[in-house]
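Data block below; observations after.
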Amino acid sequence: MPRSFYITTPLYYVNDRPHIGSAYTTLIADIIALYHRMTGDDVFFLTGTDEHGQKVQQAAEKNGISPREHCDIYAARFKELWSYFGLSFDDFIRTTEDRHVRVVQTVLQSLFDKGEIYKDTYEGWYSVADELFISDKDHEEGRYRDVRRISETNYYFRMSAYQERLIGHIEAHPDFIRPANRRNEILGFLRQPLKDLCISRPKERLAWGIELPFDKDYVTYVWFDALLNYITAPGYLSDDAKFAAYWPAVHMIGKDILTTHCVYWPTMLMAAGIPLPKTVFAHGWWTSEGQKMSKSLGNFIDLETIRGYCESVGKDAYRYFMAKEGPLFSDSDFSRERFYQTYNADLANDFGNLVNRIFKLIAKYFDGRIPEAGEPGEDELAMMEASVQCRETVLAELEELNVNAVAAAVIAYVTSINRYLEKTEPWKLAKTDLAGTGKVLYAALASLRFSAALLYPLLPEKMTEFFGMLNTKEAPGHIVQWQDLKSGTPLGEMKALFPRFDMQLLEKS
RNA sequence: GGCGAAGUAGCUCAGUUGGUUAGAGCAGCGGAAUCAUAAUCCGCGUGUCCGGGGUUCGAAUCCCUGCUUCGCUACCA
């Protein structure tokens with residue numbers, strides 16, 4: 001019986017354009033999903049779009065179309081990007097879908113019946129121009145215009161009732177919020193009394209939302225709408241067996257939505273009697289060329305910029321860089337120079353050149369056929385053992401969701417193959433001992449194949465190409481045994497998988 | 001303001017409960033080699049481990065203090 005594994009990205013707000021942030025979260029979630037599939041896990045990978053709210057309503061009005069049409073257009077942008085990268089998600093949920101509306105309304109009604117939701121009147125400062133309530137502090141600072149004191153009646157969720165239970169859960173489950181610094185942030189946050197959560201908006205102020213089942217004059221606002229999708233998609237209230245198989249999830253998110261996922265969401269689930277997520281992993285943000293990304297600075301990494309990188313050295317290279325150098329635990333800088341340096345060092349020099357060396361040697365001395373393994377000597381056994389070690393490291397780091405360390409571990413193994421060749425010097429050995437040369441080249445190719453298999457989730461297109469070149473008719477995406485390489489197979493035609501990027505091109509632009 | 005994190009080689013960072021000459025990757029320099037995508041392999045860092053004070057036989061690692069950077073401080077991603 002395979003283990004099940006459920007991983008999610010946030011649902012991206014349709015009005016925001018995809019950029020390096022959303023691309024990063026989604027790419028690493030895909031990578032983690034592929035690794036889990038590789039180990040034989042039954043994976044469910046979810047992404048989607050968050051489509052309700054005032055901004056959507058306003059944008060649609062402005063363009064003279066219905067909110068629904070507006071969402072269709074904008075959701076397509078995300079779908080397009082994900083299909084460009086060939087991502088492997090199993091479901092793409094949109095919060096405007098019927099299946100989701102049904103879950104939201106059912107959960108809300110049930111919480112209302114249990115007394116978890118109550119009606120109350122809030123009085124505060126309201127900015128007419130911006131159409132939102134602002135805090136006393138914002139008002140003092142005078143940032144908003146056209147501010148009036150008004151009161152509004154809304155529905156509230158008794159979040160405060162769950163404060164102690166939540167703290168207990170976080171303390172008892174070190175894996176619940178990660179990395180550890182984010183966990184501390186939340187625990188710090190929870191040292192202050194937790195307030196109840198306002199979960200509605202009167203329809204006169206916001207029409208584009210899910211109607212409260214117990215009050216036709218209101219729609220639900222943000223939280224129940226945008227978070228419950230995580231249980232809608234795997235079949236909550238619609239497919240019990242599926243839901244039981246996959247829930248609880250691992251949520252990959254950016255640090256900007258930490259509180260919603262680590263406080264609002266778990267307390268909502270507690271109230272509804274649903275188990276909490278296994279892990280909420282909040283990664284950091286990319287900076288760009290050493291500075292915070294901003295449109296005015298001109299360093300904003302948008303869709304077009306991403307495509308530019310992909311076109312220059314390939315989508316896989318971009319994906320690889322995201323994983324290897326990305327801001328998993330703290331912020332990380334994306335610079336053109338660093339991007340291409342990493343590409344050259346790891347992919348062109350270490351891996352790509354190694355493919356070339358081994359293929360050409362086999363072509364020259366063995367007519368392009370995979371040589372006999374022979375009796376492995378000390379060095380060959382060492383490579384075999386190192387492969388087992390490498391796999392264990394990869395799987396251990398995968399448990400930690402540390403794709404950064406996963407990539408580093410495999411590249412370290414690739415480096416050891418280059419070192420093995422320097423030590424055994426098959427190009428010299430061939431002059432005196434052809435059988436010995438065969439043994440060396442077999443070991444080198446076996447090691448290379450092994451590393452390619454482990455690199456597959458990071459570089460799916462290129463490693464598929466590699467296995468095509470290997471011509472062993474095996475489907476990529478599985479863990480392989482070092483010694484399972486079949487001798488005698490004629491290798492396919494060799495292509496340069498990662499042509500070196502000329503760093504001088506950087507100077508020019 | 002309050003709470004918290006961090007400041008280690010040019011860059012990105014490791015450095016377990018204080019203990020022998022402070023490490024890795026990348027970049028740089030030198031060499032070897034030539035099977036290979038000027039790739040690979042080997043070698044090379046006298047770094048005030050942010051400053052100052054203290055505890056200790058001994059501190060990057062503990063305590064105090066100063067400086068700097070950053071995060072959180074909810075119902076606006």
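By convention in this document, chain letters (A, B, ...) are assigned in the order of the sequence lines, proteins followed by strands, and residues within each chain are numbered from 1. Source: prediction; values computed, not measured.
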Legend entry - Side-chain donor/acceptor of A:N356 to base of B:A36, under 3.5 Å: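 Checked by distance alone, the answer is no.
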
By the 4.0 Å heavy-atom rule, please label [X] as base, sugar-phosphate, or nothing.
X	value
A:D350	sugar-phosphate
A:I186	nothing
A:P499	base
A:G352	base
A:K364	sugar-phosphate
A:D16	sugar-phosphate
A:F359	nothing
A:Y365	nothing
A:N181	nothing
A:P193	base
A:T260	nothing

Legend entry - Atom P, compared across B:C72 and B:A60: separation rounded to whole Å: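 Comparing P positions in B:C72 and B:A60 gives a spacing of 33 Å.
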
Would you indicate which nucleotide in [options] comes nearest to any side-chain atom of [X]?
X	options	value
A:L361	B:A74, B:C35, B:C41	B:C35
A:A345	B:C41, B:C26, B:A74	B:C26
A:N349	B:A74, B:C35, B:A39	B:A39
A:R419	B:C42, B:C35, B:C13	B:C42

Inset, instruction - Rounded off to whole Å, could you give me the CD-to-C1' distance for the A:Q341 and B:U12 pair? - result: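 Between C1' of B:U12 and CD of A:Q341: 11 Å.
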
Inset, instruction - Give a yes-or-no answer on whether the side chains of A:S200 and A:N154 include a donor-acceptor pair shorter than 3.5 Å. - result: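 There is such a pair between these side chains.
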
Side-chain N,O ([X]) to OP1/OP2 ([N]) below 4.0 Å:
X	N	value
A:R182	B:G4	no
A:R500	B:A39	yes
A:R201	B:C76	yes
A:Y122	B:C75	no
A:K360	B:U37	yes

Could you please name the partner base of [N], counting Watson-Crick and G-U wobble pairs only when both distances are under 3.5 Å?
N	value
B:C57	B:G19
B:C26	B:G10
B:A5	B:U69

